[in-house]
Amino acid sequence: MFTNYIKIAIRNILKRKVFSLVYILGLGIAFAVALMLSATAVNELTYDDFHANGKNIYQLYFERHRPQQIEIGDNMPIPLAPAAKSELTGIESVARIATGGAMARHGDKELGFNITYTDPSFLQMLSFSLIKGQPGKALAQVGDVVISERTAEKLFAEADPIGKMIEINRNGEWQNYMVSGVTENAPTNSSLTFDILMNFQNFPSYAVDKDRWNNQNHNVLVQLKDGVSPGVVEKAARSFIFKYFADDITNLKRDGAKPDANGQYIKLKFLPLSELHFSKLSSIGNPVSKIYPWSLLILSAFVLFIACTNFINL
């Protein structure tokens, strides 16, 4: 009987060629559009969820109570990360992150790349798997760099880049760095992307600002220990803030700022990695409104509804 249904359907399609083409093509296009919209929405909603330690990773940001408003900022002073790691219980690991661009060359190939200055812990905290190189040793030395698979193909073609030197133009001067690792390319739904990873001590202002708490110029990610909530660490950070930001607090009081209910003028806060892509608090990546992917899903459902309704009417 099912075979007869197929024969009847084919006979009717051949009998009304133009009519059949219109509704089959229309329904096919509608399904294709709905699939593309849904795929884009899913890609947005799954941003940064590939990190194995993701549920314990947060970005640090400040909440300052100024006289007229509460100011939010995610730029951190260079000494904050190591001080937080050693003084705040509950923090498993920290990684400073700053980005820039530079020309790099190997042999006769010279190209521009995105540079991310970070700490060796970056590759332990986040799931950017090493294809080549030894985990724990990559980026351990100031003169080491880790490159993405895409960068390796551009500079070395099919040759093994491990142990080889590349030159990077920094402040108008070509400097040699040794490739100590190659990572998989970052997924399309990653807030953190890079071509070359360099040890954070190569960050242009590191030497000048490594002991200064009043110059904030990079981001910090922290990984909390299992079972530790950010609220517990935020509470413990009160004395940490009073210790290192006493001058800032004095200036806020002088200007007439009012503290919060706990008497804090400056608070160290934690933004979950899962919210990085959708939060205006973060300057990492290109944050978007969470309304965007849900709007795409609603639109795809609406397109399918209209197409199916037209199909039934025809």
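Computation of the quantities below employed the complete heavy-atom set of this structure, encompassing side-chain atoms and omitting hydrogens, waters and symmetry-equivalent molecules.
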Quick one: do Leu268 and Tyr61 satisfy side chain to side chain contact (heavy atoms under 4.5 Å, CB included)? Show the steps, please. CA-CA 6 Å; Leu268 189 64; Tyr61 68 94; over 6 Å; no

Do Ser121 and Gln223 touch side chain to side chain, with heavy atoms closer than 4.5 Å? no

Got more than 12 heavy atoms from elsewhere within 6.0 Å of NZ, Lys210? no

Can Val42 be reached from Leu296 by stepping across I, L, V, M, F, W or Y side chains whose heavy atoms are under 4.5 Å apart? no

Closer than 4.0 angstrom, basic N to acidic O: yes or no for Asp255 and Arg66? no

Testing the 3.5 Å rule here: is there a donor-acceptor pair between the side chains of Asp247 and Asn214? no

Determine whether Ile78 and Tyr206 make a side-chain contact, defined as any pair of heavy atoms from C-beta on separated by less than 4.5 Å. yes

Hphob cluster co-occupancy, Val228 + Leu271, side-chain heavy atoms under 4.5 angstrom: no

With distance as the sole criterion, is a donor-acceptor pair present between the side chains of Ser282 and Ser279 under 3.5 Å? no

Taking the side chain as every heavy atom from C-beta outward, state whether Ile166 and Arg105 have any pair of such atoms under 4.5 Å apart. no

Ile266 side chain reached by Ile249 side chain, heavy atoms, under 4.5 Å: yes

Keeping Asn219 on the side-chain end and Asp74 on the backbone end, is there a donor-acceptor pair under 3.5 Å? yes

Which heavy atom of Asp160 sits nearest a heavy atom of Lys164, and at what distance? O-NZ, 2.5 Å

Mark yes when over 12 heavy atoms from residues, nucleotides or ligands other than Asn176 sit less than 6.0 Å from its CG; otherwise mark no. yes

Non-neighbouring partners of Phe240 that pass ring-ring contact (aromatic ring centres under 6.0 Å, His included), sequence neighbours left out: Tyr244

Derivation and outcome, side chain to side chain contact (heavy atoms under 4.5 Å, CB included), residues Leu252 and Phe245: CA-CA 11 Å; Leu252 289 172; Phe245 294 90; over 6 Å; no

Any donor-acceptor pair under 3.5 Å linking the side chain of His65 with the backbone of Ala257? no

Under 3.5 Å donor-acceptor, Asn169 side chain and Gly172 backbone: yes

Tell me, yes or no, whether the heavy-atom count around Trp294 atom CH2, taken from other residues, nucleotides or ligands under 6.0 Å, exceeds 12. no

What's the spacing between Phe203 CZ and His218 NE2 if we round to 0.5 Å? 7.5 Å

Cationic N near anionic O, under 4.0 Å, Glu87 to Lys243: yes

If we ignore hydrogens and angles and just use 3.5 Å, is the side chain of Asp195 paired with the main-chain N or O of Asn114 as donor and acceptor? yes

Pair Leu139-Leu197, side chain to side chain contact (heavy atoms under 4.5 Å, CB included): steps then yes or no: CA-CA 8 Å; Leu139 284 185; Leu197 295 176; 4.0 Å; yes

Scanning both residues in full, the closest heavy-atom pair of Ile196 with Ala104 reads CD1-CB, 4.1 Å

What's the verdict on side-chain hydrogen bond (donor to acceptor under 3.5 Å, both in side chains) for Asn217 and Asn75, showing C-alpha distance, side-chain angles and the deciding distance? CA-CA 5 Å; Asn217 51 20; Asn75 286 328; over 6 Å; no

Do the side chains of Leu60 and Val222 get nearer than 4.5 Å, heavy atoms only? yes

What are the two closest non-hydrogen atoms of Pro293 and Ala41, and how far apart are they? O-CB, 3.3 Å

Given the rule in the side chain to side chain contact (heavy atoms under 4.5 Å, CB included) test, do Met103 and Ile168 qualify, once you have shown the distances and angles that lead to the verdict? CA-CA 6 Å; Met103 298 297 294; Ile168 298 177; over 6 Å; no

Under a single-linkage definition using a 4.5 Å side-chain heavy-atom cutoff for Ile, Leu, Val, Met, Phe, Trp and Tyr, are Leu221 and Leu80 assigned to the same hydrophobic cluster? no

Intermediate values then yes/no, side-chain hydrogen bond (donor to acceptor under 3.5 Å, both in side chains), Asn43 and Thr188: CA-CA 8 Å; Asn43 185 70; Thr188 57; 3.3 Å; yes

On the 0 to 90° scale, with breaks at 30° and 60°, tag the Tyr47-His277 ring pair as parallel, tilted or perpendicular. parallel

Indicate if Leu281 and Leu273 have the same hydrophobic cluster label, given that clusters are the connected sets of ILVMFWY residues with side-chain heavy-atom separations under 4.5 angstrom. yes

Should the heavy atoms of other residues, nucleotides or ligands under 6.0 Å from CG of Asn262 be counted, would the total exceed 12? yes

Counting heavy atoms not belonging to Phe50, are there more than 12 under 6.0 Å from its CZ? yes

Just list the side-chain donor-acceptor pairs under 3.5 Å for residues 122-135, sequence neighbours left out, or say none.
{"unit_1": "Ser127", "atom_1": "OG", "unit_2": "Ala52", "atom_2": "N", "d": "2.8"}
{"unit_1": "Gln134", "atom_1": "OE1", "unit_2": "Lys137", "atom_2": "NZ", "d": "3.1"}

Check for a donor-acceptor pair, side chain of Asn53 on one end and backbone N or O of Asn56 on the other, with a separation under 3.5 Å. no

Are any of the side-chain heavy atoms of Val179 and Val146 separated by less than 4.5 Å? no

Distance-only, no hydrogens or angles: does the Ser205 side chain make a donor-acceptor pair with backbone N or O of Val208 under 3.5 Å? no

Do Gln175 and Glu167 make a side-chain contact, defined as non-hydrogen atoms from C-beta onward lying under 4.5 Å apart? no

Is the closest side-chain donor-acceptor distance between Asn189 and Glu44 under 3.5 Å? no

Min side-chain heavy-atom separation Leu45-Leu297 under 4.5 Å: yes

Any side-chain donor paired with an acceptor under 3.5 Å for Ser274 and Asp48? no

Salt-bridged, Glu234 to Lys267, with N to O below 4.0 Å? no

Exceeds 12 heavy-atom contacts within 6.0 angstrom, atom CZ of Phe242: yes

Test side-chain contact (heavy atoms from CB on, under 4.5 Å), reference Phe194, set Ile147, Thr118, Thr183, Asn185, output is Thr183

Side chain Ser295, main chain Ile291, donor-acceptor under 3.5 Å: yes

Nearest heavy-atom contact between Gly263 and Pro259 is C-CB, 3.6 Å

Are Ile115 and Phe200 connected in a single hydrophobic cluster, I mean Ile/Leu/Val/Met/Phe/Trp/Tyr linked by side-chain heavy atoms less than 4.5 Å apart? yes

